[in-house]
K.L.:
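Mind looking over this structure? Questions follow.
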Amino acid sequence: MKTKVPICPACKKELPEDATQCVYCAAEVTKPKFREIFSWKVSDRFFLFSVILLFTTFFLPWFPGQFLYRDEPFSAFQMLLSMYDLEVEFLESFNILRMSQMVPLFAIVVFFLIYIGDYLKKTPYPGLFMFVIFLIGAIPFFFDNFSKVNAWVLTAALFVVLFYYYKSGMTKGTIGRTSYYMFFVFFLISLFLYLFHLSQGFYTQLDAIHINETYGFFSAWIIVSAMIVVAFFRYMVSVEDFWCLLGVFVFSLIAYSTVVQPLFVSGPLRFFADNFSKTGIQTVAHLKIVGIALGIAIVAGVPLGVYITRHPVAAKTVLYISSILITIPSIAMFGFMMPILSSIDQNLDVVQGIGIGTVPAVTALALYSLLPIIRNTYIALQSVDTSMIEAGIGMGMTSFQLLVRVELPLAAPIIMAGVRTSVVMGVAIAALAAYIGAGGLGDFVVQGLQRSTNASVLAGAISMGLLAIICDIFLEKAENWVTPTGLKVKQAME
Amino acid sequence: MGTMLKLDKVTKIYPGTDFRAVDELSFELEEGEICILVGPSGCGKTTAMKMINRLHSITSGKIYIDGQDVSSMDTIQLRRRIGYVIQNVGLFPNMTIAENISVIPNLLKWDKRKINERVHSLLEIVNLSAEEYKDRYPRELSGGQQQRIGVARGMAGDPPIMLMDEPFGAIDPTNRDHLQNEFLKIQEKVKKTIVFVTHDIDEAIKMGDKICLLRDGKLIQFASPEEMLTYPKNDFVRDFVGGDRTIKRLNLFSISKVKRDDPPLIKASAGLEEARGTLSEYGTDYLVVVDENGRLAGLAANEDLQGKGETVADVVQRTNAYLDGTASLKEALSEIFTHDTGFLIVVDGDNKVSGWLDTNDIKKALKD
C-alpha cells in the first residue's frame, strides 16, 4: 500500500512522513487512524500479511470430501456451516469442531497481539504474564520428569534466571518490550505445536488421506512456521535477546504439555471452543446485568453526590449507608433481594416475575455500585478549587450554572474513575448472580462447581477476568475522553 | 461625574456573634475612582467589599450603586453588573481564555458577534494578543498573564463598578510592580469605579484615588493618599502608613511637576572658554552637554574643563544621572544619591533635556 504523504491542516503543505508537527507553521498534525495501522515496520507488515494468509486457509480445502459425502474436499468454513448435520461423537472424535474454529480464532488473536503490541510493550502485563507462564509451565514439568531433589534444584535455577532477567530488564526499562517479544514467539510456537497435535490426531485416524487434496491445514502450518522464523530474527536485537528467545524456544516445547495442552486440549479454552455460542450469549447477559445496574447507579449516584455536597448533614448519613451496603456479603445481598422483590411481586399486579433472575441481580448490583460513584462525585466536587466557586458566584452564576459549566466538567474524571471501580467490581460480583438465576458468565462457574468440571469453572473465571480488564481499558479511554482539554494541557513554566 | 457608590452606615454582624465585623462604615465614591480598602488583617475590609455584591448579607445600613439600593435588587442580576476579580484569579481551567472572558456576556445573553468582539478588545486592553491567547487554556499561562485575564474577565460585562480582592497578592514583587503599572494604564483607558482590597499600604498609595483605612470594622480615615500621608488622623494611621511616610509621599509626585527649567546647558560644539563661563555662572561642578538638537550627550566636569582641548565635545563623559519626566520623586531621590553630580537631569520622551532638579527642590515639594 502506498503511504499517503501527510498534509498540514493549517497551511496545506506536504510534510515528511513521520512529522507530528507542521514544519512550516508548527500546527499539530493528527494522523488518521488507518495510517497508524499501516505505517508499521516491515516485519509488522509481514505479520499482518501472514495473518491475512492464515485467515484465507480457512477457506482452502481442508477436510476430505467423504465426511459430508461429497466428491470434493471442502474447507473449514464449509464444515462450520454444515456442522449441525453431524453427530456430536463424530465431531469430538476427530477434533473437527476445534480444527475448523481455530484458524480464524488464532488469526484474530495474532492480529490483536500485533495491534496492541506498542501499548503492551509499555505496560508490565507481558512481563507478568510470562512470569506466570514460566512458573506454571516449568515447575510441574520438573516435578513430573525428574527426581524430587533435581526438581527442586531446577526450580531454584529457574528462579535465579528469572530474577536476573527481571532485574536487568527493570534497570534497563526493557522488560515490557522483551517480554512481549518472548510472549509473541511463545504464542506462535504453541500455535505451531497445537496445529501439529491436531493434525496428528486427525490424519492418523483416517486412511484415505491425500495431502495434496487437503492442503489448507498444511498451508496454515507452513505460514505459522514462517512467522516463527521471522519473529525469532526480527526480535533479536542484542545477544541477550538471543539467549532469551532460545530459552523461550526450549521452554515452549516443555510448556506445551503443561500449559498449552491443559488449556487448549482439555482445559478452559477447549471449553470455550466447544461452547462458543454459549460463551457469547453469557457474556452479553453478564454485560447486560452490569450495564443496567451501572446505569441505575450513575443516574441515582451522581445527583445524590451533588446533593450531599450542598447538604453536609446529609453527606454523613448517605456515605454511611452506602458504606454499609458495600460491606454486606454479595451472596447475602442477592439472597435478600429475592424475598423482598417477590413480596412486591405478589402484592402488586403491575410487575410480574421480578422475584428471581435479572431484576434482583440488577438491583443488588446497583446498590453495590452506588458507593464508589457517590463517594467519587462527592470528593470530586469537594476538591474543586474554592476560588473558582467564589469567582463563579461573584460573577453572578446561579448555583446550577456553576454546577453544569464548571464543577461537573472539572469533577468528570474523578467521577469516571468511580464508574471504573464500580464496573470492575460489578463484573466480579455479577458472577454470583448466576445463583439466583440471572445467568451471565457466573453460570459456567456455578455449573462447573456442581458437576466438578474444572474446565468450566476456569473458563468462567478467565472470561470474567478478561471482561473486567477489557472494560477497564475502555473506561480508561472514556476517563481520558471526559477530562476537559484544559486540564490535560501542559502547565506553563513560571 | 456623579456619585457611583455610596455606603451608608453599613454594619455587618455575623450570626451568632456580637462582634461587629464592619461597623457603621460610610463613604462615597465618584465615578471612575479607585478606592482602596486597606487595614490590618481581620479589619473587615474583605467583608465590606463582599457586601457590595452581596456575597455577604448586610446586617444594617444601605449600599447604593448609582443611586440604587443594592438590597432591593436581584442578587444574580446585581453580581452580573459588578466586575469581580479575586486573589487566586479563579479562572475556570476547563474553558479556553475566550470562554473564560465571555462567561458574563454569555450569562447576560449577548449575541455571539458582540461577545467575540468584546473578547478581542479586552485581550487587547490587557496587552495579550487575541489570536495567540484566545484558544489557549488558563494552565498554559503564567501567573501574571492569568491575573490579566482575570481582570479582563471582570470587565467583560462592561460593569460600572469592579470589586478586586487583593488581585496582585499572589504575584511575586517584580511582576506585581509591573502588573500594577499595567493596571493603572488599563484604568486610564476604561475609567471604572473600583473598590480594591489590599493589606499592602504601598500598593494602596500607588493605586488609590482614595484610601479607606479600617480597623476592627471601623473607618479610621477616608482620604486621598497624599492627604493620608501628610495629615495622618491619629497614631494608628501614622503607624500603619509607616515611619517612612515622607519617603512614601515621594511616590505621589512626578518629576515633571517639581523640576526647574533652567539646567546648566552647554552645546557640545561650544569652546572650553565659553563653558568655563557658564560653569561659574551656575556655580555647579558639572555642565549638561547637549547636541545640536538639544538631546542629552553627557556631562562635562569642572576639572576637565580646566584642562586641554578645544571644544566641550573633547571632554564630555557619558552619564546615567537622568530620568524621564514621568518618573516619581522617589526614583529621582535614589538617582541623585547614586551619582555624585549633585543634581538630576530630566529628559523627555525624545531624550531631549527639559530640566533638572536637586534635593532642595524635592524638599520644597514636600513642604508645599
K.L.:
Before you tell me yes or no, could you show the steps for B:Met95 and A:Val406 under side chain to side chain contact (heavy atoms under 4.5 Å, CB included), namely the whole-Å CA-CA distance, both residues' side-chain angles and the distance that decides it to 0.1 Å?
P.N.:
CA-CA 9 Å; B:Met95 300 182 187; A:Val406 182; 4.2 Å; yes
K.L.:
Closest approach of A:Arg405 and B:Asn106, non-hydrogen atoms and distance?
P.N.:
NH1-CB, 4.2 Å
K.L.:
For B:Gly90 and A:Ser387, work out which heavy atoms get closest and say how close.
P.N.:
CA-OG, 3.8 Å
K.L.:
I'd like to know whether B:Asn94 forms a side chain to side chain contact (heavy atoms under 4.5 Å, CB included) with A:Leu487, so could you lay out the CA-CA distance, the side-chain angles of the two residues, the decisive distance to 0.1 Å, and finally the verdict.
P.N.:
CA-CA 6 Å; B:Asn94 57 322; A:Leu487 293 183; 5.6 Å; no
K.L.:
Answer yes or no: is there a side-chain heavy-atom contact under 4.5 Å between A:Glu390 and B:Tyr84?
P.N.:
yes
K.L.:
Under 6.0 Å from the CD atom of B:Gln77, do we count more than 12 heavy atoms belonging to anything else shown?
P.N.:
yes
K.L.:
Under the side chain to side chain contact (heavy atoms under 4.5 Å, CB included) criterion, do A:Met397 and B:Arg80 qualify, and how do the steps go?
P.N.:
CA-CA 8 Å; A:Met397 281 180 154; B:Arg80 287 175 189 176; 5.9 Å; no
K.L.:
With a sphere of 6.0 Å drawn around NZ of B:Lys109, does it hold more than 12 non-hydrogen atoms of other residues, nucleotides or ligands?
P.N.:
no
K.L.:
Which answer fits B:Leu108, side chain, backbone, both or neither, if we ask what part of it has an atom under 4.5 Å from a heavy atom of chain A?
P.N.:
neither
K.L.:
Has the side chain of B:Asn88 got a donor or acceptor atom that lies under 3.5 Å from a matching backbone atom of A:Met388?
P.N.:
no
K.L.:
How about CZ on B:Phe27, more than 12 heavy atoms from neighbouring residues, nucleotides or ligands closer than 6.0 Å, or not?
P.N.:
yes
K.L.:
Evaluate whether atom CZ of B:Phe19 has more than 12 neighbouring non-hydrogen atoms of other residues, nucleotides or ligands under 6.0 angstrom away.
P.N.:
yes
K.L.:
Taking all non-hydrogen atoms of both residues into account, name the closest pair between B:Val89 and A:Ala391 and its distance.
P.N.:
O-CB, 4.4 Å
K.L.:
Answer with side chain, backbone, both or neither: which region of B:Ile76 has an atom nearer than 4.5 Å to a non-hydrogen atom of chain A?
P.N.:
both
K.L.:
Should the heavy atoms of other residues, nucleotides or ligands under 6.0 Å from NZ of A:Lys316 be counted, would the total exceed 12?
P.N.:
no
K.L.:
Looking at CG of B:Leu107 and CD of A:Gln401, how far apart are the two atoms once the value is rounded to the nearest 0.5 Å?
P.N.:
5.0 Å
K.L.:
Nearest 0.5 Å, what's the CZ-CG distance between B:Phe92 and A:Asp385?
P.N.:
10.5 Å
